[in-house]
Trainee: 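Below you will find the structure I want to go over with you.
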Amino acid sequence: MAKITYIEHNGTRHEVDVRPGMTVMEGARDNGVPGIDADCGGACACSTCHVYVAADWVEKLPARDPMEDDMLDFAWQPDPVRSRLTCQIKVTEDLDGLVVELPERQI
């Protein structure tokens, strides 16, 4: 398991154990973390699972692919470096300790 911390816009923290092979989005959805809407169900067809990855984790994640980059154009206040779609981040044991911050809203 990888422990992932989701921080709501208001500062509320949710520390969740997520099984390798799942996505960061599925970990939030399956554990009732508010603020990850995931309207497309993980198909990278919306931006409602947008988060800001903690700065010290940005370089540890696989790079965004072009489709994720395109969808991030529709996210609420995307950050060119820290923004990611959680449906596109596969959980591995190497992600133990990952911290993501949720935006004020999803669009």
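Note that these values count all heavy atoms, side chains included, but never hydrogens, waters or copies made by symmetry.
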Trainee: Check A45 against C40 and note the closest heavy-atom contact, atom names and distance.
Mentor: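 That closest heavy-atom pairing would be N-SG, 3.4 Å.
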Trainee: Donor-acceptor check, side chain of Q88 to backbone of L85, threshold 3.5 angstrom: yes or no?
Mentor: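 Here the side-chain-to-backbone pair does not exist.
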Trainee: Under 3.5 Å, is there a donor on one side chain and an acceptor on the other for H14 and E8?
Mentor: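 H14 vs E8: donor-acceptor pair found between side chains.
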Trainee: Give the minimum heavy-atom separation between R64 and L72, together with the two atoms involved.
Mentor: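 For R64 and L72, the tightest heavy-atom pair comes out as CD-CD1, 3.3 Å.
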Trainee: Can a donor-acceptor pair be found, under 3.5 Å and without considering hydrogens, that links the side chain of T48 to the backbone of A38?
Mentor: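 Confirmed, T48 side chain pairs with A38 backbone.
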Trainee: Give a yes or no on whether the backbone of T12 and the side-chain of N10 come within a donor-acceptor separation of less than 3.5 Å.
Mentor: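 Yes, N10 side chain to T12 backbone: donor-acceptor pair under 3.5 Å.
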Trainee: Do the side chains of Q77 and Y52 get nearer than 4.5 Å, heavy atoms only?
Mentor: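 Yes, close enough: below the 4.5 Å cut-off.
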Trainee: Tell me, do I7 and L102 make a side-chain contact under 4.5 Å, heavy atoms counted?
Mentor: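 Not touching, per the 4.5 Å side-chain cut-off.
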Trainee: Output, in order, the C-alpha distance, side-chain angles, deciding distance and verdict of side-chain contact (heavy atoms from CB on, under 4.5 Å) for R84 and I89.
Mentor: CA-CA 8 Å; R84 291 300 301 263; I89 304 172; 3.8 Å; yes
Trainee: Do S47 side-chain atoms and H50 backbone N/O form a donor-acceptor pair below 3.5 Å?
Mentor: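 Side chain of S47 to backbone of H50: no pair is present.
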Trainee: Going by side-chain contact (heavy atoms from CB on, under 4.5 Å), Y6 matches just one of V99, L98, V24. Which one?
Mentor: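 Result: among V99, L98, V24, V24 is the only option passing the side-chain contact (heavy atoms from CB on, under 4.5 Å) with Y6.
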Trainee: Mind listing the closest non-hydrogen atom pair of I36 and C49 along with its distance?
Mentor: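 Smallest heavy-atom distance, with atoms named: CG2-CB, 3.9 Å.
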Trainee: For E101, is there an ion pair with R82 - N to carboxylate O distance below 4.0 angstrom?
Mentor: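 Result for this pair is yes, salt bridge flagged.
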Trainee: Hey, does the side chain of R29 reach the backbone of D37 with a donor-acceptor pair shorter than 3.5 angstrom?
Mentor: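 Not at all, since once roles are kept as given, no pair shorter than 3.5 Å links the two residues.
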Trainee: Donor-acceptor pair, distance only, cut-off 3.5 Å: does the side chain of K90 make one with the backbone of G21?
Mentor: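 A pair under 3.5 Å: yes.
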Trainee: Do the charged groups of D96 and K3 touch, with an N to O distance under 4.0 Å?
Mentor: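 No, this pair does not count.
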